[in-house]
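We number each residue from 1, following the sequence as shown.
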Amino acid sequence: MTWFYLVIAGIFEMVWATMMKLSQGFSVLSYSVATIIGMIFSFGFLAMALKNMPMSLAYPIWTGIGAVGSIIIGIIFFKDQIPGVTWIFIIMLIIGIIGIKMTTGH
């Protein structure tokens with residue numbers, strides 16, 4: 001369940017980042033509230049994962065899931081433009097997340 005909690009925490013990280021973008025600087029109440037709810041769930045699931053997982057493992061994976069997911073959401077929904085060379089670093093980030101998972105005992 002620990003990894004499930006961590007992945008859900010990462011998904012809610014993407015949710016709150018997206019809602020924050022849509023809140024237009026916290027000027028749209030519904031998206032502002034959704035941002036805060038997403039943060040609460042993200043931190044809550046991260047806290048549950050941290051009960052049985054070292055912080056040095058959980059935190060970088062949590063932020064990595066949020067980062068890669070937010071990039072994808074930005075490209076698909078907000079039409080963000082990513083320079084070609086940046087994709088190399090995004091792929092390296094994904095490889096890093098997978099590598100951390102594969103080389104730990106958790």
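Connection of Leu29 to Met19 is established within a shared hydrophobic cluster, with ILVMFWY side chains joined at heavy-atom distances below 4.5 Å, either directly or through further cluster members. Under the 4.5 Å side-chain contact rule for hydrophobic residues, Met102 and Ile91 do not share a cluster. Placement of Ile88 and Val68 in two distinct hydrophobic clusters is found when ILVMFWY residues are connected by side-chain heavy-atom separations under 4.5 Å, directly or transitively. If you chain together hydrophobic residues whose side chains sit under 4.5 Å apart, Ile76 and Met20 fall into the same group. In the hydrophobic clustering of ILVMFWY residues, with side-chain heavy atoms under 4.5 Å counting as a link, Ile65 and Phe4 come out together.
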For the pair Tyr5 and Leu46, evaluate side-chain contact (heavy atoms from CB on, under 4.5 Å) and give the outcome as yes or no after the intermediate values. CA-CA 7 Å; Tyr5 293 146; Leu46 176 61; over 6 Å; no
Take Phe78 and Ile73 through the test side-chain contact (heavy atoms from CB on, under 4.5 Å) and record every step on the way to the result. CA-CA 7 Å; Phe78 300 111; Ile73 289 170; 4.1 Å; yes
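To the nearest 0.5 angstrom, Ile82 atom CD1 is 4.5 Å from Ile75 atom CD1. Note: Leu93 CG to Ile98 CD1 = 10.0 Å, rounded to the nearest 0.5 Å. Rounded to the nearest 0.5 Å, atoms CD1 (Ile95) and CD1 (Ile90) are 12.0 Å apart.
Judged by the 6.0 Å distance and 45° axis criteria, Lys21 is not positioned over the aromatic ring of Trp16.
Nearest approach of Met53 to Leu57, heavy atoms of both residues: CG-CD2, 3.6 Å. Looking at every heavy atom in both residues, Leu6 comes nearest to Ala58 through CD1-O, 3.6 Å.
Between Phe45 and Phe12, the ring planes lie parallel to each other; the angle is under 30°, not in the 30° to 60° tilted range.
Listed by first and then second residue, the side-chain hydrogen bond (donor to acceptor under 3.5 Å, both in side chains) pairs that reach into residues 24-43 are Ser42-Trp62, sequence neighbours excluded.
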